[in-house]
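Here's the structure we're looking at; comments come further down.
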Amino acid sequence: MYTIECGGNHGFPWFTSGIGTAKWGGTPLAPLLKQAGVMERGIEVVFWGADSGTEVVCEMKLPQHFSRSISLDDAMNPNNVLCYQMNGAPLPQPHGAAVRLIAAGWYGIANVKWLNRIEVRDTRFMGRFMARDYVTIREELRNGETEAVETSVGRALLKSAPARVTRKDGQYRIVGAAWGAPVAGVEVQVDGGPWRAASIDRSEQGKFAWSFWSIDWPNATSGEHTITSRAVDIQANVLPAMDDPRIAKKKTYWESNGQVSRRIRVA
Ligand SMILES: Nc1nc2c(c(=O)[nH]1)N[C@H]1C(S)=C(S)[C@@H](COP(=O)(O)O)O[C@H]1N2
Ligand SMILES: [Mo]
């Protein structure tokens, strides 16, 4: 079970729901690489998709297939699967049939669909989806000077979001999900009030799937409300607020794991 989130999910006001959980089935990647015999100088593994386009680079028009790479070390991680099944059925075409990479623990972009070639190379790999697109640009402060640092969208980050409010016998309850890192706890805030601890449903689907949380909302008054959640992972990292420098100093919309606030109207 693995929750795949697009690195751009929530980066724009209109881009939400770029996330989904499924049971992915296939064969582990590492034994195949071992069997193929990786040469001593191999450092990078490139995954190529069947989809292609024309890239304009340095004023040249270049044909390129979709491609993403990870280090050989990361590729050997036993969590990587060459996947050909989804939820027990053959992998559907939109999700990458016949075979895709499932790299649990990474953002969506690393999970190359419609795989038709895997290459081990002896240099770092670039290409559009490593170096030009899916690039996080963040201003970092160095000895009082601002530097714009560019990094490739990489490992999944901790995140949580309120999903819905339910009402049963006049009792309101806020329900949401948390994912991206092993979740230790989730807190919920209504209308800028105190943070209250939600209870997490531990009927675990494994460490790579989201967990659901819920919290009672006593005395919900009619009208508009704002609900925010923040997850904490097992290393005590807290989901940053939208005005936290880690989010506010980001110049691109990728890896947008700031706190998600939702508006709700109680009738
Ligand atoms: N070949 C190929 N693989 C790809 C992509 C693509 O455009 N081409 N998009 C990536 C991105 S950005 C995401 S978020 C995930 C989405 O996977 P899904 O369609 O199974 O949800 O696939 C990734 N793998
Ligand atoms: Mo994506």
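Atoms within a ligand are numbered from 1 in the order they appear, just like the ligands themselves.
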Does either side chain, that of [X] or that of [Y], offer a donor lying less than 3.5 Å from an acceptor on the other one?
X      : Y      : value
Asp73  : Ser71  : no
Thr21  : Trp210 : yes
Thr228 : Gln259 : no

Step through it carefully: locate the ring centre of Tyr107, locate the ring centre of Trp179, and say whether they are under 6.0 Å apart.
no
So, Arg230 and Glu187, do they make that salt bridge, N to O below 4.0 Å?
yes
Salt-bridge contact Lys249-Glu140 (side-chain N to carboxylate O under 4.0 Å)
no
Ligand 1: protein N/O within less than 3.5 Å of ligand N/O:
unit_1, atom_1, unit_2, atom_2, d
ligand 1, 1 (N), Asp51, OD1, 2.8
ligand 1, 1 (N), Asp51, OD2, 3.4
ligand 1, 1 (N), Lys113, O, 3.0
ligand 1, 3 (N), Lys113, N, 2.9
ligand 1, 8 (N), Asp51, OD2, 2.7
ligand 1, 17 (O), Arg100, NH2, 3.2
ligand 1, 19 (O), Lys113, NZ, 2.5
ligand 1, 20 (O), His95, ND1, 2.6
ligand 1, 20 (O), Arg100, NH1, 2.7
ligand 1, 24 (N), Asn111, O, 3.0

